[in-house]
Student: 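Take this structure first; my questions come after.
Sequence lines set the chain letters: A, B, ... in the order given, protein chains first and strands last, and positions in each chain run from 1. Owing to the predicted nature of the structure, the values given are computational and were not obtained by experimental measurement. Just the heavy atoms: all of them, side chains too, but no hydrogens, waters or symmetry mates, feed the values below.
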Amino acid sequence: MPELPEVETVRLSIQKNLIGSVITAIDIHQRKLRQKIPLNFKQKLLKQKIFAVHRRGKYLLISTSYGIIIIHLGMSGRLLVKDITPKRTKHEHVTMTLSNGKLLSLIDPRRFGLVLWIKTLNHPVLKKLGKEPLTKDFSHDYLYNAAQKRKITIKQLIMDNRIVAGIGNIYASEALFAAKIYPLTPANKLNSKQCQILVTKIKSILKSAIKNRGTTFRDYVDGSGMSGNFQKYLKVYGRENQPCKSCRTKLQNIKIGQRNTIYCLKCQNQGNESQPSL
DNA sequence: CGAAACTCCTGAGCGC
DNA sequence: TGCGCTCAGGAGTTTC
């Protein structure tokens, strides 16, 4: 499930093949994704040149000479740059032929992904997004202030893309473990120090995951089909009933907002007065 | 307004 | 071997 580090890894792996290329053909085999791919998608983008590939949260932004392609990989999405082959693979919903002889291909079995053409960055999908976690704007003051007004759990807060963009279930779970914060803690019960530690851990974990080219748990691969490495460093995600890497206590699983949340009962103290150490 | 429940979708994994 | 069931979950929508 691609979160910020996986999307960034895809971006880095596809950008060299895209920049400077012209889109010479577009084939849409399945329009029904999270939103329907508009009928004018092809007409807008045909013969346009690609200038840059950016990322915002979990969204990829491909800038062309006329507008921008927004791609979200949802749960099971893959965006591959590959050689042109005669037959299309299963669940290959959109392909774009490039002037350099490559094919940009979106494969998404569960169809939770998104492909849109937008004229400018001033679009509702992007405007709703919160802070970019690896920028200075995402500070402990910002998180603390955002948390003060909210009764939801801290895990739900950091997974809310309107607050901070790009953190999903894997990295939220890992960051809370690293910060020694109990995932069910109400957001407004966190003190300033805990926010500071949490922000620091979110940044360091995301950076480390990008360095390791993301987490391959099930489906995820980068733009060239290569798996990530960060799964080797996961401390809680996917480790229900296994011993905590820090204290050997059996890790617990709870549902928070319908999502599995693995945590250590001992390391992630339930008391607000706990003073997590760095 | 916030919060929680519900919705979309398909492959994998399971028991029988 | 294959059927039927459950689960995974990002983000939009609905309900209260």
Student: Using a cut-off of 4.0 Å on non-hydrogen atoms, how would the nucleic acid contact of A/F217 be classed: base, sugar-phosphate, or nothing?
Tutor: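 Nothing, no nucleic acid heavy atom in range.
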Student: Within the supplied structure, the quantity of interest is the number of heavy atoms (other residues, nucleotides, ligands) at a distance under 6.0 Å from A/K235 NZ; does it exceed 12?
Tutor: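 Open.
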Student: When you get a sec, tell me which of B/dC9, B/dC6, C/dA8 is the closest nucleotide to the side chain of A/K32?
Tutor: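 So the side chain of A/K32 is nearest to B/dC9.
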Student: Can you confirm whether the side chains of A/N188 and A/K151 place a donor and an acceptor under 3.5 Å from each other?
Tutor: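 Distance-only check fails for A/N188 and A/K151.
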Student: Roughly how many Å is it from CD1 in A/I107 to P in B/dG11, rounded to a whole number?
Tutor: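 Going from CD1 in A/I107 over to P in B/dG11 covers 13 Å.
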Student: OP1, OP2 of C/dC7 versus side-chain N and O of A/R259: anything below 4.0 Å?
Tutor: no
Student: Indicate whether A/F112 forms a stack on C/dA11; treat it as stacked only if centroid distance is below 5.5 angstrom and interplanar angle below 30 degrees.
Tutor: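 So A/F112 does not count as stacking on the base.
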Student: A/N169 pairs by side-chain hydrogen bond (donor to acceptor under 3.5 Å, both in side chains) with which of A/E174, A/R259, A/K155?
Tutor: A/K155
Student: Answer yes if the side chains of A/T215 and A/Q231 hold a donor-acceptor pair under 3.5 Å, and no otherwise.
Tutor: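 Per modelled atom types, A/T215 and A/Q231 side chains form no pair under 3.5 Å.
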Student: Within this structure, what is the CD1-to-P distance between A/I70 and C/dG10, rounded to whole angstrom?
Tutor: 19 Å
Student: Pick base, sugar-phosphate or nothing for A/Q35, based on heavy-atom distances below 4.0 Å to the nucleic acid.
Tutor: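 No contact.
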Student: OP1 or OP2 of C/dG10 versus the side-chain N and O atoms of A/H72: is any pair under 4.0 Å?
Tutor: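 For C/dG10, OP1/OP2 do not have a side-chain N/O of A/H72 under 4.0 Å.
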Student: According to a strict under-4.0 Å criterion, is A/H91 in side-chain N/O contact with OP1 or OP2 of B/dG11?
Tutor: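 Answer is yes, contact under 4.0 Å.
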Student: Whether A/K255 contacts C/dA8 is assessed here as follows: a side-chain N or O lying under 4.0 Å from the phosphate OP1 or OP2. Is that the case?
Tutor: yes
Student: For the pair made of NZ in A/K127 and C1' in C/dG12, what is the distance, rounded to whole Å?
Tutor: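 To the nearest whole Å, that distance equals 17 Å.
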Student: Figure out the NZ/C1' separation between A/K36 and B/dC9, and round it to whole Å.
Tutor: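 Taking atom C1' of B/dC9 as the reference, NZ of A/K36 is at 16 Å.
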Student: Do any side-chain nitrogens or oxygens of A/K90 fall under 4.0 Å of OP1 or OP2 in B/dG11?
Tutor: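 It does, given that an N or O in the side chain of A/K90 lies less than 4.0 Å from OP1 or OP2 of B/dG11.
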Student: I want to check one thing: is the phosphate of C/dG12, taken as OP1 and OP2, less than 4.0 Å away from some side-chain N or O of A/R34?
Tutor: yes
Student: For A/S21 and A/N100, does a side-chain donor sit closer than 3.5 Å to a side-chain acceptor?
Tutor: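 Short answer, yes.
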Student: So what does A/Y237 touch, heavy atoms closer than 4.0 Å: a base, only the sugar-phosphate, or nothing?
Tutor: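 Sugar-phosphate: the residue A/Y237, judged by heavy atoms under 4.0 Å, touches backbone atoms but no base.
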Student: Using a distance-only criterion (donor-acceptor N/O pair, under 3.5 Å, no hydrogens), is the base of B/dA3 paired with the side chain of A/R150?
Tutor: no
Student: Rounded to the Å, how far apart are A/R162 CZ and B/dA3 C1'?
Tutor: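 Going from CZ in A/R162 over to C1' in B/dA3 covers 10 Å.
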Student: State which of C/dA11, B/dC9, B/dA4 makes the closest approach to the side chain of A/I152.
Tutor: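 So the nucleotide nearest the side chain must be B/dA4.
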Student: Whole-Å distance between B/dA4 P and A/M159 CE?
Tutor: 14 Å
Student: Roughly how many Å is it from OH in A/Y171 to P in C/dG9, rounded to a whole number?
Tutor: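 Result: 13 Å.
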Student: Side chain of A/K58: nearest nucleotide among C/dA8, B/dG11, C/dA11?
Tutor: C/dA11
Student: With the side chain of A/R111 defined as its heavy atoms from C-beta on, choose the nearest nucleotide among B/dT10, C/dA11, B/dA3.
Tutor: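 Within the option list, the nearest is B/dT10.
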Student: Roughly how many Å is it from CG in A/D108 to P in B/dG11, rounded to a whole number?
Tutor: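 Going from CG in A/D108 over to P in B/dG11 covers 11 Å.
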Student: Where do A/E6 and A/Y171 land on the side chain to side chain donor-acceptor pair (under 3.5 Å) test, with the steps shown first?
Tutor: CA-CA 11 Å; A/E6 290 74 37; A/Y171 298 105; 2.5 Å; yes
